[in-house]
> 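Mind looking over this structure? Questions follow.
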Amino acid sequence: MPSFVQAALAVVAVLSPLVFPPASSAAETLRINGTGSGLVVVKPLTAAFQKENRGCVVVMEKSLGSSAAIKAVSRNALDLAVSSRPLKPAESVEGLVQQEWGRTPMAVLANRGVRASGVTLKELAAMYAGSSAKWPGGELVRVVLRPVEDTDTKLTRSLSPEMDRGGAAAHARKDMLVGITDNETFDSVKKTEGAVAVMALTLALSEPNAVSVLKLDGVQPSVATLATGRYRHLKEMYLVTRKDAPASVTKFIKFLYSKKGRAVAAKHGLLITEAK
């Protein structure tokens, strides 16, 4: 198990009585966590939900990531996990259930100082491979990677055969920037001159103008271009709960699929799929 997940689980085990307090008789408590690229969408949704449900208190701390949040749900330390991957067979055996929530474009995000409005997959692959060291404007390219087994790494390498080879070459180098979490990677792109990473569009929309969202092969990543099929690169989001989830979870998930919930999610970069 990756060290980050172990550390996150340790935090859940020690602090869950404090961070995820049980519901009181006066109000329902809904405890949510998960992948950073999903929580940035959940945040405005919980604000809208609580305006309509004053008797429900939503508790959402700093992102634990998909795997640690799923484990926390299985241990009843959380009520709902937002995951960037489907459940593994062993996790389903633990009494967990999932449903697809939505999809967000996997976008090319660059530092604001980069003087480029778009890249091609061929150009991006060359950046990852190290054969293209500068942006067209002259800035040095700094690729920000994710851990080898991370979902974002797999999605990035699946963009094309060239990206698969470029990703393999990038991970073989020892001088690369690596972000362990969504938020850490996003922060690296914001702060590092010439930085570039392939990440969920939701992160960029959570902080407008913090980074540049580049066109990929001439197409701007957005909910609209994803919905029409013009932009083909995506990341799926899942909702994971226990089979015996409390009523507050059912109520919140129903809100997520409502007209208002869909509108809020779309504004923040997530295209809601049909509830199963």
> Can you see which heavy atom on Ser66 is nearest to which on Val82, and at what distance?
OG-O, 4.1 Å
> What is the minimum heavy-atom distance between Lys235 and Asp152, and which atoms define it?
NZ-OD1, 2.8 Å
> Is the closest basic N to carboxylate O distance between Lys122 and Glu162 below 4.0 Å?
no
> Looking at Arg112, I want to see if its CZ is surrounded by more than 12 non-hydrogen atoms of other residues, nucleotides or ligands under 6.0 Å.
yes
> Applying side-chain hydrogen bond (donor to acceptor under 3.5 Å, both in side chains) to Arg142 and Ser188, what does each step give before you reach the verdict?
CA-CA 10 Å; Arg142 294 298 307 277; Ser188 290; over 6 Å; no
> Salt bridge or not between Glu236 and Arg85? Use side-chain N to carboxylate O under 4.0 Å.
no
> If you measure from the Lys or Arg side-chain nitrogens to the Asp or Glu carboxylate oxygens, is any gap between Arg75 and Glu94 under 4.0 Å?
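Salt bridge between Arg75 and Glu94, a charged N being under 4.0 Å from a carboxylate O: no.
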> Are Leu256 and Ile272 side-chain neighbours, meaning at least one heavy-atom pair lies under 4.5 Å?
no
> Let's go through Thr120 and Asp217 carefully: what are the C-alpha distance in whole Å and the side-chain angles of both, what is the deciding distance for side-chain hydrogen bond (donor to acceptor under 3.5 Å, both in side chains) to 0.1 Å, and is it a yes or a no?
CA-CA 4 Å; Thr120 65; Asp217 286 333; 4.6 Å; no
> Does Val240 reach the side chain of Leu80, with side-chain heavy atoms less than 4.5 Å apart?
no
> Nearest 0.5 Å please: distance from the CD atom of Glu193 over to the CG atom of Leu140.
9.0 Å
> If we ignore hydrogens and angles and just use 3.5 Å, is the side chain of Asn111 paired with the main-chain N or O of Gly113 as donor and acceptor?
yes
> Measure across Lys190 and Ala210 and return the closest heavy-atom pair with its distance rounded to 0.1 Å.
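Looks like CD-CB, 3.6 Å.
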> Between Glu52 and Phe49 (side chain of the first, backbone of the second, donor and acceptor by atom type, cut-off under 3.5 Å), is there such a pair?
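A pair under 3.5 Å: no.
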> Quick one, Tyr257 with Gln99, criterion side-chain contact (heavy atoms from CB on, under 4.5 Å). Give me CA distance, side-chain angles, the key distance, then yes/no.
CA-CA 12 Å; Tyr257 289 103; Gln99 60 190 95; 3.1 Å; yes
> Once rounded to the nearest 0.5 Å, what's the spacing between atom CZ of Arg103 and atom CD of Glu100?
4.5 Å
> I'd like to check Met237 versus Ser83 (side-chain heavy atoms, cut-off strictly below 4.5 Å). Are they in contact?
no
> With a 3.5 Å distance limit and no angle check, can you tell me whether Thr202 reaches the backbone of Ser37 through a side-chain donor-acceptor pair?
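Looks like yes, one N/O pair under 3.5 Å.
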> Where is the tightest heavy-atom contact between Thr35 and Ser84, given as atom of each residue plus distance?
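What the structure gives for the nearest pair is CG2-N, 3.9 Å.
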> Less than 4.5 Å apart, side chain to side chain, heavy atoms only: is that true for Phe255 and Val264?
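Phe255 does not reach Val264 side chain to side chain.
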> Please determine whether side-chain hydrogen bond (donor to acceptor under 3.5 Å, both in side chains) holds for the pair Ser222 and Thr225, giving the CA-CA distance in whole Å, both sets of side-chain angles, and the decisive distance to 0.1 Å.
CA-CA 5 Å; Ser222 68; Thr225 55; 3.0 Å; yes
> Apply the hydrophobic cluster definition, ILVMFWY joined by side-chain contacts under 4.5 Å directly or through others, and give me every member besides Val223.
Leu226, Leu234, Leu271
> Report yes or no: does Arg242 contribute a side-chain atom to a donor-acceptor pair with the main-chain N or O of Leu96 at less than 3.5 Å?
no
> Evaluate the side-chain proximity of His233 to Leu159: yes if any heavy-atom separation is below 4.5 Å, no if none is.
yes
> Would a 4.5 Å heavy-atom cut-off, applied to side chains only, mark Tyr128 and Leu145 as touching?
yes
> For a salt bridge (Lys or Arg N to Asp or Glu O under 4.0 Å) check, start with the C-alpha distance between Lys251 and Glu28, then their side-chain angles and the critical distance, and finish with the verdict.
CA-CA 11 Å; Lys251 186 185 300 183; Glu28 296 177 287; 3.4 Å; yes
> Please tell me whether Val141 and Met176 are part of a single hydrophobic cluster in this structure, the criterion being side-chain heavy atoms less than 4.5 Å apart.
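Yes, Val141 and Met176 fall within the same hydrophobic cluster.
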> Please give me the minimum heavy-atom distance between Glu61 and Asn33, naming the atom from each residue.
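For Glu61 and Asn33, the tightest heavy-atom pair comes out as O-ND2, 3.3 Å.
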> Would you say Leu203 ends up clustered with Tyr238 if hydrophobic residues are merged whenever their side chains have heavy atoms under 4.5 Å apart, either directly or through other cluster members?
no
> Between the side chain of Trp135 and the main-chain N/O of Gly194, is any donor-acceptor distance below 3.5 Å?
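Pair found, side chain donor or acceptor close to backbone of Gly194.
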> For the backbone of Arg146 and the side chain of Asp150, can you confirm whether one donor and one acceptor N or O come within less than 3.5 Å of each other?
no
> Work out which heavy atom in Ala197 is nearest to a heavy atom in Val189; give both atom names and the distance.
CB-CG2, 3.7 Å
> Can you tell me which residue pairs pass the ring pair (Phe, Tyr, Trp, His ring centres under 6.0 Å) test with a partner in residues 181-230, sequence neighbours excluded?
none
> Do Lys215 and Gln220 come close enough that some side-chain heavy atom pair is under 4.5 Å?
yes
> So does Arg173 have more than 12 non-hydrogen atoms from other groups sitting under 6.0 Å from CZ?
yes
> Is the shortest heavy-atom distance from the side chain of Pro246 to the side chain of Asp79 under 4.5 Å?
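The answer is yes, as the side chains (C-beta and beyond) meet within the 4.5 Å cut-off.
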